[in-house]
Amino acid sequence: MNTLISIAREVVTKDAEGFATKTDQVLALTFAYREGRHGSQKWVNRAAYSEATDLFRFRVIPGLSVNTAQVILCGDDRFEITSVEDVKGRGMYLEMLAKKVTPDG
């Protein structure tokens with residue numbers, strides 16, 4: 001767990017003239033294990049049904065419910081969460097598959 005990540009949600013605010021502005025509201029800051037997509041057997045099995053580019057795993061944060069409507073901010077990169085799973089159903093670690101968002105779409 002050596003990568004610092006932020007879990008955030010997009011918030012849309014309107015100014016006095018009615019123009020909408022999207023900003024990120026950081027919900028939590030934590031260290032996580034990050035694994036990029038590569039040719040291992042686990043990623044071969046995941047590739048059949050997922051467009052995920054990275055896997056993140058971190059300890060559960062009490063009081064925070066992580067879902068696919070949120071995003072992960074890691075350095076200068078932004079990731080859309082595609083799936084969230086409780087590792088082994090013990091409530092200790094969360095594993096998320098995420099898709100890297102690029103400026104060109």
Side-chain angles (χ1 to χ4, degrees):
M1 311 254 175
N2 55 3
T3 305
L4 185 63
I5 65 168
S6 300
I7 300 169
R9 66 178 176 151
E10 262 189 12
V11 177
V12 179
T13 56
K14 289 188 178 183
D15 61 7
E17 286 88 32
F19 292 103
T21 306
K22 290 183 183 178
T23 57
D24 291 325
Q25 178 185 19
V26 175
L27 303 173
L29 190 67
T30 186
F31 284 96
Y33 167 74
R34 178 182 176 188
E35 180 180 310
R37 187 176 198 150
H38 52 78
S40 73
Q41 186 62 36
K42 286 198 288 187
W43 276 102
V44 169
N45 293 338
R46 288 183 186 128
Y49 66 90
S50 176
E51 57 185 18
T53 59
D54 290 83
L55 174 138
F56 293 91
R57 186 178 303 128
F58 62 89
R59 287 188 69 87
V60 170
I61 301 167
L64 178 66
S65 176
V66 180
N67 57 44
T68 57
Q70 298 163 345
V71 295
I72 297 173
L73 306 174
C74 180
D76 293 334
D77 297 328
R78 181 185 184 90
F79 297 88
E80 292 177 347
I81 299 172
T82 58
S83 72
V84 180
E85 182 181 348
D86 182 5
V87 177
K88 296 185 180 179
R90 295 182 181 169
M92 292 179 63
Y93 290 93
L94 288 180
E95 184 174 88
M96 296 176 293
L97 292 175
K99 176 184 167 187
K100 186 174 182 178
V101 178
T102 56
D104 59 354

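Computed over heavy atoms, backbone and side chain alike; hydrogens, waters and symmetry mates excluded. Positions are given from 1, in the same order as the sequence printed here.
Between Ala20 and Lys14, the shortest heavy-atom contact is CA-CG, 4.2 Å.
Side chains of Glu35 and Tyr33: a donor-acceptor N/O pair is present below 3.5 angstrom, by distance only.
Rounding to the nearest 0.5 Å gives a distance of 10.5 Å between CZ of Arg57 and CE of Met96. Here the CD atom belonging to Glu80 is positioned 8.5 Å from the CD atom belonging to Glu10, to the nearest 0.5 angstrom. Atom CG of residue Leu27 and atom CD1 of residue Ile7 lie 7.5 Å apart, to the nearest 0.5 angstrom. Rounding to the nearest 0.5 Å places CZ of Arg9 at 4.0 Å from CD of Gln25.
For the pair Lys22/Val11, no side-chain contact is recorded, criterion being any heavy-atom separation below 4.5 Å from C-beta on.
Val87 and Met92 fall within a single hydrophobic cluster, where Ile, Leu, Val, Met, Phe, Trp and Tyr side chains are chained together by heavy-atom contacts under 4.5 Å.
In terms of modelled atom types and a separation under 3.5 Å, the side chain of Asp54 and the main chain of Ala98 share no donor-acceptor contact.
Look at Asp77 and Lys100 and you find a salt bridge, because one of the NZ, NE, NH1 or NH2 atoms lies within 4.0 Å of a carboxylate O, short of that distance.
Judged by a 6.0 Å distance limit and a 45° cone about the ring axis, Arg59 is positioned over the six-membered ring of Tyr93.
Qualifying side-chain contact (heavy atoms from CB on, under 4.5 Å) partners for Asp15, counting only residues two or more places apart in sequence or in other chains: Glu17, Phe19. Partners of Phe58 under the ring-ring contact (aromatic ring centres under 6.0 Å, His included) rule, at least two apart in sequence or in another chain, do not exist in this structure.
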All N/O donor-acceptor pairs, side-chain side in residues 60-73, below 3.5 Å, sequence neighbours left out:
| unit_1 | atom_1 | unit_2 | atom_2 | d |
| --- | --- | --- | --- | --- |
| Asn67 | OD1 | Ala69 | N | 3.0 |
| Gln70 | OE1 | Asn67 | N | 3.2 |
| Gln70 | NE2 | Ser65 | O | 3.3 |

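None of Ile5, Val101, Thr53 except one satisfies the side chain to side chain contact (heavy atoms under 4.5 Å, CB included) rule with Phe79; the exception is Thr53.
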